[in-house]
Amino acid sequence: MPPQQSAEPSAAPAETPFLDLLATGAPAEDFERAVLRARADGASPERLAALERAKLLALRVRTELEGRRRREAELSALYETAHDLAGLRDLDAVLRAIVQRARSLLGTETAYMTLNDPVEGDTYMRVTDGSVSARFQQLRLGMGEGLGGLVAQTARPYVTDSYFDDPRFQHTRTIDTGVRDEGLVAILGVPLKLGSGVIGVLFAADRRVRVFDHAEIALLSAHAAHAAVAIDTANLLAETRKAMTELEAANEIIRDRSGVIERASDIHDRLAELVLRGGGVQDVAAAVAEVLDGTVEFTDAERVPADALDRSRAADGHAVRDGDDWVAAVRSGSEVLGALVLRGHPHLDPVDQRTLERAAMVTSLLLLARRTAGEAEQRVRGELLDDLLDAPDRDPRLLRERAARVAADLDAPHVVLAARIEDPAGDGAAPAATGPDGAGATGRQRLWSAASHLAATRQGLAAARDAGVVLLLPLGRDDEPGEAAGKAARQLGAAVHAPVTVGASAPVPAPAATPAAVATAYAQARRCREALRVLGRCGQGAAAEDFGFLGLLLADGRDVDGFVRRTLGEVVDYDERRGTDLLRTLNAYFESGMSPARTKDTLHVHVNTVAQRLDRIGRLLGPGWQSPSRALELQLALRLHQLSAALGE
């Protein structure tokens, strides 16, 4: 029997159906259907073999095309990244953009960057995106420790699909605890290299098992290369700006040098004339400002940067540089009365420095003369405040008349301040009274003098009381008692060269109308002052509202609702508006030891949900909400809120 002839001598080439599929971008399963269809139609073995070969070749071509399209998309993303980074100039902005783009490129749940510390010989967490754990954000890794330390040490990428099961790198308790708190599982780290050196590590990570393929490793490595160049560029730009500033300053010195000697002679004559004709402090400042062609003002000690004032005092009143300003302390013996501050001359000639110093000496003489004339007035102010404290039944009309003689308005809101000088040795006790010439009496006398001067300049009252001083000062509409106490503590401390602790009362609306309120306010101010000393905050100033929940005990009222509102109000309002459950999440977070991983078990939600809620809570509460002191207040406020809700049902 003759051999059977093929039934498909004119069949189309085997590649034809696969070329059509490639042209239309069909899925891989469609390529298999072409072979199955031919087999169903009774194609010969030779035809089927040819189709199988054509199919495999077409699938390889399809895989290559997909790879090229993916690489094209990745290159496009890298180009956009390089373009974006090139437009940034601030280093912090560059670092944030690098980490955010790394997370976007690989589609991970979090990304972060560590930078090497040449001084400490380790690497530390610099920027994170998508992180929710405070412990994780503060990690430091020794070279060779953990996956990141290994990348930083070897300058090679490392990847793990399950961090805690990977034995290739050194696990440490600190690092593993931070990674566990963050809930991370799969981590990819690539080095940030400049030349042959490594400056840090860029990471992309997920909170689930994930295999990072070679293409993703290459993509993140390419991004890290662009990032390292951007970091180097930002650093170079900052150095260039600094060099330009220094060059401009040098040119300024050259331009100003020619008139220095002439200005010194001119100011000498002017200051001598001012003293002879009885000029004032502002006259001295105006004369120096005109000669030195700048802005000169006499400033109270508490308004001058403490570091600059201390340096000038330690240098026997010589003028010292403070940024673009110059500061010359105005002293009387060891007491600092204030300072002359010259603005507008960042680079002052040495001769002009001595001119400013001579002006400070003249200012000191004028202030001492004015102080002598004002001592009688100070006694009047002290006696009036003593009467307000000890005799609340005084006639308000007579109180107003006596206050008017010293330019005080007792119908305006005031604050009572209780101040006490502390032992410089640091034990927190006030100096003991050792007699008229003893150190303790001298310290209290300096405090009394400084407080009287402050009261006179603020149109208030001051009196010595209870081994310290009490002040009654006007309170502006926008002023806060705590701010007034802090300001007084700094000014009095600078004047007496020792820590001065100041407690403030709640505002007293009109002392003349309600004299008894002054004694009550003084008692509250003393409680605040003693609370500062017990808490180890000697030398500071505060009012009851500045103590957080402790203020509930110090204030005359017990504003529990106000405390809860100030502490948690933003979160409560958000839950009420959106129907969310942020308060419950925050409570579970604290009860779980501030661990997102344990919080998600308590709430029976995914760790990503916990991360998103904590991120929203952080934006509502503001930075630092996880610090120990803020966390304590938040937990107390949560308890009080729960109690208030229960009692209200």
Side-chain angles (χ1 to χ4, degrees), residues 21-22 25-32 55-82 84-85 97-114 127-131 136 141 146-171 175 179 182-193 198 200-229 606-608 611:
L21 292 174
L22 286 172
E29 55 267 22
D30 287 355
F31 289 74
E32 185 65 34
K55 180 195 74 171
L56 295 176
L57 179 61
L59 286 174
R60 286 199 298 271
V61 172
R62 180 181 180 277
T63 300
E64 181 66 23
L65 289 174
E66 286 184 345
R68 291 187 178 185
R69 281 195 293 269
R70 184 173 65 253
R71 285 192 293 274
E72 181 181 349
E74 292 172 351
L75 288 173
S76 176
L78 285 175
Y79 174 79
E80 293 177 1
T81 297
D84 293 343
L85 292 178
I98 290 169
V99 173
Q100 290 169 358
R101 184 55 65 91
R103 183 183 179 189
S104 174
L105 285 175
L106 270 70
T108 56
E109 294 169 323
T110 184
Y112 51 98
M113 177 192 296
T114 61
V127 182
T128 65
D129 188 51
S131 170
F136 181 77
L141 296 76
L147 185 143
L150 192 58
V151 174
Q153 184 182 50
T154 63
R156 295 174 52 194
Y158 276 84
V159 61
T160 177
D161 56 357
S162 181
Y163 175 85
F164 293 101
D165 299 327
D166 198 328
R168 291 176 300 160
F169 42 82
Q170 179 184 352
H171 288 266
I175 299 173
V179 173
E182 189 62 45
L184 300 182
V185 177
I187 305 174
L188 166 60
V190 298
L192 292 165
K193 295 192 290 187
V198 177
V201 181
L202 181 62
F203 298 87
D206 270 340
R207 298 183 176 92
R208 56 186 172 81
V209 175
R210 169 177 174 171
V211 178
F212 292 96
D213 59 31
H214 292 293
E216 291 174 318
I217 297 173
L219 177 60
L220 190 61
S221 297
H223 177 54
H226 288 304
V229 173
H606 194 274
V607 70
N608 286 348

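Closest heavy-atom contact between Thr108 and Phe212: CG2-CE2, 4.0 Å. Contact between Gly146 and Ile175 at its shortest, heavy atoms only, is N-CD1, 4.0 Å. Across all their heavy atoms, His171 and Asp166 have their closest contact at NE2-O, 2.8 Å. Closest of all the heavy-atom pairs between Val201 and Gly148 is CG2-O, 3.7 Å. A pairwise comparison of heavy atoms in Ser131 and Phe136 identifies OG-CD2, 3.7 Å as the closest pair.
In this structure, CG in Asp165 is found 7.5 Å from OG1 in Thr160, a value given to the nearest 0.5 Å. Note that CG of Leu106 and CG of Leu220 are 5.5 Å apart. Values are rounded to the nearest 0.5 Å. In this structure, Tyr112 OH and Leu184 CG are separated by 5.5 Å, a value rounded to the nearest 0.5 Å. Rounding to the nearest 0.5 Å gives a distance of 8.5 Å between CZ of Arg208 and CG of Asn608. The distance from the OH atom of Tyr158 to the CG atom of Leu150 is 4.0 Å, given to the nearest 0.5 Å. For the atom pair NZ of Lys193 and OG of Ser221, the computed distance is 8.0 Å after rounding to the nearest 0.5 Å.
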task = Under the side chain to side chain contact (heavy atoms under 4.5 Å, CB included) rule, what do Phe169 and Val151 come out as? Steps first, then yes or no, please.
result = CA-CA 10 Å; Phe169 42 82; Val151 174; over 6 Å; no

request  = Verify side chain to side chain contact (heavy atoms under 4.5 Å, CB included) between Thr110 and Thr128, making sure each step is shown before the conclusion.
outcome  = CA-CA 8 Å; Thr110 184; Thr128 65; 5.5 Å; no

Stepwise side chain to side chain contact (heavy atoms under 4.5 Å, CB included) test for Thr114 and Phe203 = CA-CA 8 Å; Thr114 61; Phe203 298 87; 3.7 Å; yes

inquiry  = Before you tell me yes or no, could you show the steps for Ile98 and His223 under side chain to side chain contact (heavy atoms under 4.5 Å, CB included), namely the whole-Å CA-CA distance, both residues' side-chain angles and the distance that decides it to 0.1 Å?
reply    = CA-CA 8 Å; Ile98 290 169; His223 177 54; 3.9 Å; yes

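Every residue meeting the salt bridge (charged side-chain N to carboxylate O under 4.0 Å, His left out) condition with Arg210, not counting sequence neighbours, appears here in chain and number order: Asp206, Glu216. In this structure, Asp161 has no salt bridge (charged side-chain N to carboxylate O under 4.0 Å, His left out) partners at least two apart in sequence or on a different chain.
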